[in-house]
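The structure appears below as structure tokens.
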Amino acid sequence: MTQFNEKTVLEYVEKTDLRETILGKGELSSELISEGNVNLIFRIRNVDSGNSVILKQALPYAWRYPDFKMPVDRQRIEYETLSIESQYAPDYVPKIYFYDNKTHVLVIEDLKELRVMREALIDGEIFPKVAKHIGIFMARTLFYTSDLYLSSQKKKEMVINFSNPVLCKVQEDLVFTQPYIDHPNNRWSKPLDNIVKQIHQDDKIRGEIFYFKELYMTKAQALIHNDLHTGSIMLDQNKTKVIDPEFAFYGPMAHDIGTYFANLAIAYAAQEAHRTEPSTRNAYRQWIVESFEETWDVFQQEFLRIWENDSNGEWPSENYRENYMRRLLKESAGFGAAEIFRRTIGMAHVHDFWTIKDENLRAKAESIALDIAIKWINSWKYFEKIVDLSRALKESKPLI
């Protein structure tokens, strides 16, 4: 297949109805957005009117890492996942403008007025509505793609349609396997050497993580985003948009919840370096904790509300409902721990930590996150309320 460049992508756009329906008359420009690692991402803009869209092209490899082969079907999965999310949570995803299965192109709303949540957290911005928005987004997208709502036949058809084996294998390796063994893909700040050695030697941690690896591989509970971190969220004071669901598949709901919680915990830990004045740091951390707890409260309230109103009627048990929510909370802690481990001692690191130039200070911040992860993975079975998880943030300490 032909890989677009800044010239050929404009030639392609001219042949579609995007010109007339979205971009309008006038000169067009294209810009390759460098943030993408996997897909080619272009901003297509009408120079005269300012109208713009984001065009994504899936290649049979990761464009930044050509040796890493990837299925082009991931673009279909992203398109169909966004379509479903748009049905149940339209306020929290970008608009879809165009999809071409032959060229593996997806064109969506340009969210240029919004910030990537991860970068905003590094800068210490407060977003009073994000907890409500993400709580509702997760509740609706997870409930309405589960056995609680869909017919048995429809759910099983969707499991097949959203099979995503290559990208799931990436997660199985990078999240649930490699960080807990001596593997060449792993990397970490050198002052963490002793902590990493202890984790690699701790078979209790590894055994608990492997339980969640098994859940990830076998529990086809709902259509999950499968990469719901703060780098996949764009927002401002009033809007929140979840982007990039190309890893989506039918997996455990708690993976999405736990991954988001983990990245809030990472932001909390990283404040050790980003907010050097203690009172400012403590105040911002307090907001992160409050947002963390509110996210679960909103999620639980919305999930139970739509379960009450829109269930397919096959689960008439209050006891089962209570146990279901309790399991979700417990499992979110386990999946959250795995996400923290992989972001600190695995392969895929995050700007929260790697924008900290001083290696000793960076490692100190990372060790706070590791303290949270260790608490979560060792205690997840005993958690009953969201404050049990958030307490690990408030009581976390540097391990070096």
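In summary, D202 and R206 do not engage in a salt bridge, as defined by a charged side-chain N under 4.0 Å from a carboxylate O. Remark: D193 engages K190 in a salt bridge, criterion side-chain N to carboxylate O under 4.0 Å. Using a 4.0 Å cut-off between charged nitrogen and carboxylate oxygen, E31 and R45 do not count as a salt-bridge pair. A salt bridge links R76 with D73: the distance from a Lys NZ or Arg NE/NH1/NH2 to an Asp or Glu carboxylate oxygen falls below 4.0 Å.
A cation-pi arrangement is not found for K213 relative to Y216, the charged atom failing to lie both closer than 6.0 Å to the ring centre and inside a 45° cone about the ring normal.
Here salt bridge (charged side-chain N to carboxylate O under 4.0 Å, His left out) pairs that include residues 5-15, with residues two or more places apart or in two chains, are E14-R19. Residue pairs meeting the side-chain hydrogen bond (donor to acceptor under 3.5 Å, both in side chains) criterion with at least one partner in residues 319-330, sequence neighbours excluded, are Q221-Y324, E308-R321, N319-N323, N323-R326, R326-E384, K330-E384. Applying the salt bridge (charged side-chain N to carboxylate O under 4.0 Å, His left out) test to every pair with at least one member in residues 335-352, sequence neighbours left out, gives these pairs: R118-D352, D227-R342, E339-R342, E339-R343.
Among residues two or more places apart in sequence or in another chain, the ring pair (Phe, Tyr, Trp, His ring centres under 6.0 Å) test is passed with Y211 by W380. Listed by chain and number, the residues in a side-chain contact (heavy atoms from CB on, under 4.5 Å) with M70 are V38, A62, F68, R74, L167 (sequence neighbours excluded). A search for ring pair (Phe, Tyr, Trp, His ring centres under 6.0 Å) contacts involving Y12 returns F4, not counting sequence neighbours.
By the neighbour-count criterion of 12 heavy atoms within 6.0 Å, atom CD of E314 is densely surrounded, having more than that number from other residues, nucleotides or ligands.
For T344 (side chain) and F341 (main-chain N/O), a donor-acceptor pair under 3.5 Å exists by modelled atom type. In this structure, the side chain of Q271 engages the main chain of L121 through a donor-acceptor pair within 3.5 Å. Distance alone, capped at 3.5 Å, places no donor-acceptor pair between the S291 side chain and the W287 backbone.
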Between F212 and F176, is a ring pair (Phe, Tyr, Trp, His ring centres under 6.0 Å) present by the stated rule, with each step listed?
CA-CA 8 Å; F212 287 95; F176 300 105; 8.0 Å; no
